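Take a look at the structure set out below.
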There are 2 protein chains.
Amino acid sequence: MKHGVSPDTFPPRSHEAKRVSVVDAAASVFCREGYAGANIDLIAAEAGVSRQTVYNHHGDKEKLFVAVVRDLTERCNAGIFATIASFPDQPTDLEADLIAFAVRMNRNCICNRDGRFLRKLIQAEGERYPELFAEWREQGPGRTWSALAARFARLAFAGHLSIGDPDVAARQFFALVNAELQITFMLGGVPTEEEVLRSATNGVRTFLGAFARRKSPAAKQAALAHA
Amino acid sequence: MKHGVSPDTFPPRSHEAKRVSVVDAAASVFCREGYAGANIDLIAAEAGVSRQTVYNHHGDKEKLFVAVVRDLTERCNAGIFATIASFPDQPTDLEADLIAFAVRMNRNCICNRDGRFLRKLIQAEGERYPELFAEWREQGPGRTWSALAARFARLAFAGHLSIGDPDVAARQFFALVNAELQITFMLGGVPTEEEVLRSATNGVRTFLGAFARRKSPAAKQAALAHA
DNA sequence: GACGAATTGGACAAGCCTGTCTAAATTTGT
DNA sequence: ACAAATTTAGACAGGCTTGTCCAATTCGTC
């Protein structure tokens, strides 16, 4: 009844469940204590598992750390692409749509558990594992920015925006939308829903102030109507 | 001959020099290895000093860490205020002046040794020493933003800018000007002079695109003339 | 040159952590 | 219910680190 479609000979259930549990606990402890300060006993306790089980599953501390980062990277990237897919390509109200998009991106990818943990691990241990984080950089931000730049280019082509370099615009969009959250991020805090919304609103307004198409009076009028 | 004006009874020279040397080495090691991973022997070796001397000067590891953070905070804040004092209040060429200001701020306060180290320590250990970093937050970013907001308000009053909330504009200015450097910062790298200049240029252009006063054709003309 | 303070190198105890090993207990599939 | 695999608790060695102590040495000053 439990394993449904997969009649594998592998131990089908709580084996894998424990692996996940260990990786989750390890992510939490590595973030809180740093790699050197992280204690396997503590990870095991937090995962509700014996220390030996941690070693059985992951070999040693370093392999466990790598598994944690890969896991976080994968989940974060998945979330990011899912969110990018919701970009307003044919906007009805560009300002509102961009704000909603920014809030989604923040809440689902940057402020959630995985996002915060991954960011902190990158900042703390990025220099020690260059290839590991280079991989993240290419798969994550690299593609994110390209994808977003392509969307902006499309909006520009459709006459909604007036943009010089779409890649620059994409990076500036992120920077603006998070402008008011940076200190909170720096100290590892979680911004409230309201802070996220305000930062996104202010950021998008400034973004459109710089990039909204001005040659067509109709477009400008529409943008201003919602201010 | 060495101590010139101060005939104090205190050991006048290399005593203090060694204290500084130890704090500098400690900053470097704490950043590279994290608090838990930092090794007093390594700090002593990197400072060119015996381990005992480290303990003589600073008591224990935690006190040493606090001394490091206070030291970095103080120097960084001094640099930041010195740079803010160079803000172009009566600009001749607003775009060029703001770009130069942003580059100075970046090079002298954010990308230099102290700035990078302090940022990393805040990110890594900020949650463990709340009062220590709360102090930094108030004295540093808090005042920086206020000061910058006041300058922007003045520019707006003088008719150079069209700004809603000066505080928001100040935060967005920093965000825009660093938009292209975030990944580099995240991985602990040092951007090249050219990257800093490009990010500042793109950021200031977008900033002015959003906030440059548009009602006076002359101002707009002036701004565009240098694009 | 002589004095006192600071520094040094090294030994040292105590504690903590990793990673291994074992035998017993538990869970899982059949 | 049985057999195999997994998990557990605990002990354990080995290594590393912090912080202390001390005798010998160096440094700065008079």
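None of the values given here were measured: they were computed from a predicted structure. Every chain is numbered from 1 and lettered A, B, ... according to where its sequence line falls, protein lines coming before strand lines.
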Subject >> Short N-O contact, A:E33 and B:R128, less than 4.0 angstrom >> reply: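 Looking at B:R128 together with A:E33, the answer is yes, because their closest N to O distance falls below 4.0 Å.
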**OP:** Taking the six-membered ring for Trp and the full ring for Phe, Tyr or His, determine whether the centres of B:F207 and B:F152 are under 6.0 Å apart.
**Re:**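 They qualify: ring centres under 6.0 Å apart.
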Original post:
Are the ring centres of B:Y129 and B:F65 closer than 6.0 Å?
Top reply: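 Judged by ring-centre distance (under 6.0 Å), B:Y129 and B:F65 do meet the cut-off.
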Quick one: is [X] getting a side-chain N or O under 4.0 Å of the [N] phosphate, OP1 or OP2?
X: A:H15; N: D:dT7; result: yes
X: B:T53; N: C:dA6; result: no
X: B:K18; N: C:dT8; result: yes

Using 0.5 Å steps for rounding, measure from the [atom1] atom of [X] to the [atom2] atom of [Y].
X: B:L118; Y: B:T73; atom1: CG; atom2: OG1; result: 4.5 Å
X: A:T144; Y: A:I84; atom1: OG1; atom2: CD1; result: 4.5 Å
X: B:R119; Y: B:C31; atom1: CZ; atom2: SG; result: 10.0 Å
X: B:T206; Y: A:R171; atom1: OG1; atom2: CZ; result: 11.0 Å

Roughly how many Å is it from [atom1] in [X] to [atom2] in [N], rounded to a whole number?
X: A:R19; N: D:dT6; atom1: CZ; atom2: P; result: 12 Å
X: B:E16; N: C:dT7; atom1: CD; atom2: C1'; result: 16 Å
X: B:I43; N: D:dT17; atom1: CD1; atom2: P; result: 12 Å
X: A:K63; N: C:dG19; atom1: NZ; atom2: C1'; result: 11 Å

[X]: which residues meet the side-chain contact (heavy atoms from CB on, under 4.5 Å) condition with it, sequence neighbours left out?
X: A:L197; value: A:I99, A:V103, A:T201
X: B:A124; value: none
X: A:A67; value: A:H58

Original post:
Which pairs pass side chain to side chain donor-acceptor pair (under 3.5 Å) with one or both residues in residues 99-115 of chain A, sequence neighbours excluded?
Top reply: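 Counting only pairs at least two positions apart or across chains, the side chain to side chain donor-acceptor pair (under 3.5 Å) contacts touching residues 99-115 of chain A are A:R75-A:D114, A:S86-A:R104, A:N106-A:N178, A:R107-A:E193.
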Subject >> Qualifying side chain to side chain donor-acceptor pair (under 3.5 Å) pairs with a residue from residues 34-56 of chain B, counting only residues at least two apart or across chains >> reply: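 Applying side chain to side chain donor-acceptor pair (under 3.5 Å) to every pair that reaches into residues 34-56 of chain B, excluding sequence neighbours, yields B:S28-B:E46, B:R32-B:E46, B:D41-B:R51, B:S50-B:T53, B:Q52-B:N56.
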Subject >> Contact residues, residues 30-40 of chain B to DNA chain D [heavy atom, < 4.0 Å] >> reply: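 Result for residues 30-40 of chain B: B:A38, B:N39, B:I40, sorted by number.
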Original post:
What are the residues of residues 54-62 of chain B, sorted by number, that bring a heavy atom to within less than 4.0 Å of DNA chain D?
Top reply: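 Per residue number, the list reads B:Y55, B:D60, B:K61.
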Compile the donor-acceptor pairs under 3.5 Å between side chains in residues 133-141 of chain B and protein atoms, sequence neighbours left out, one pair per line.
unit_1 : atom_1 : unit_2 : atom_2 : d
B:E135 : OE1    : B:R70  : NH1    : 3.0
B:E135 : OE2    : B:R70  : NH1    : 3.3

List every contact pair, protein side and nucleotides 9-13 of chain D side both N or O, where the distance is under 3.5 Å.
unit_1 : atom_1 : unit_2 : atom_2 : d
D:dA11 : N6     : A:R51  : NH2    : 2.8

Subject >> Any residue meeting ring pair (Phe, Tyr, Trp, His ring centres under 6.0 Å) with B:H57, in chain and number order, not counting sequence neighbours >> reply: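 B:H57: ring pair (Phe, Tyr, Trp, His ring centres under 6.0 Å) contacts with B:H15.
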**OP:** Estimate the overall bend of the helix from C:dG1-D:dC30 to C:dT30-D:dA1 from the end axes over five pairs each, rounded to 10 degrees.
**Re:**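 Its terminal axes enclose an angle near 40°.
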For nucleotides 13-15 of chain C, print each protein N/O atom paired with a nucleotide N/O atom at under 3.5 Å, atom names and distance only.
none

Subject >> Neighbour count above 12 (heavy atom, 6.0 Å) for A:R154 CZ >> reply: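 It does not: A:R154 CZ has 12 such atoms or fewer within range.
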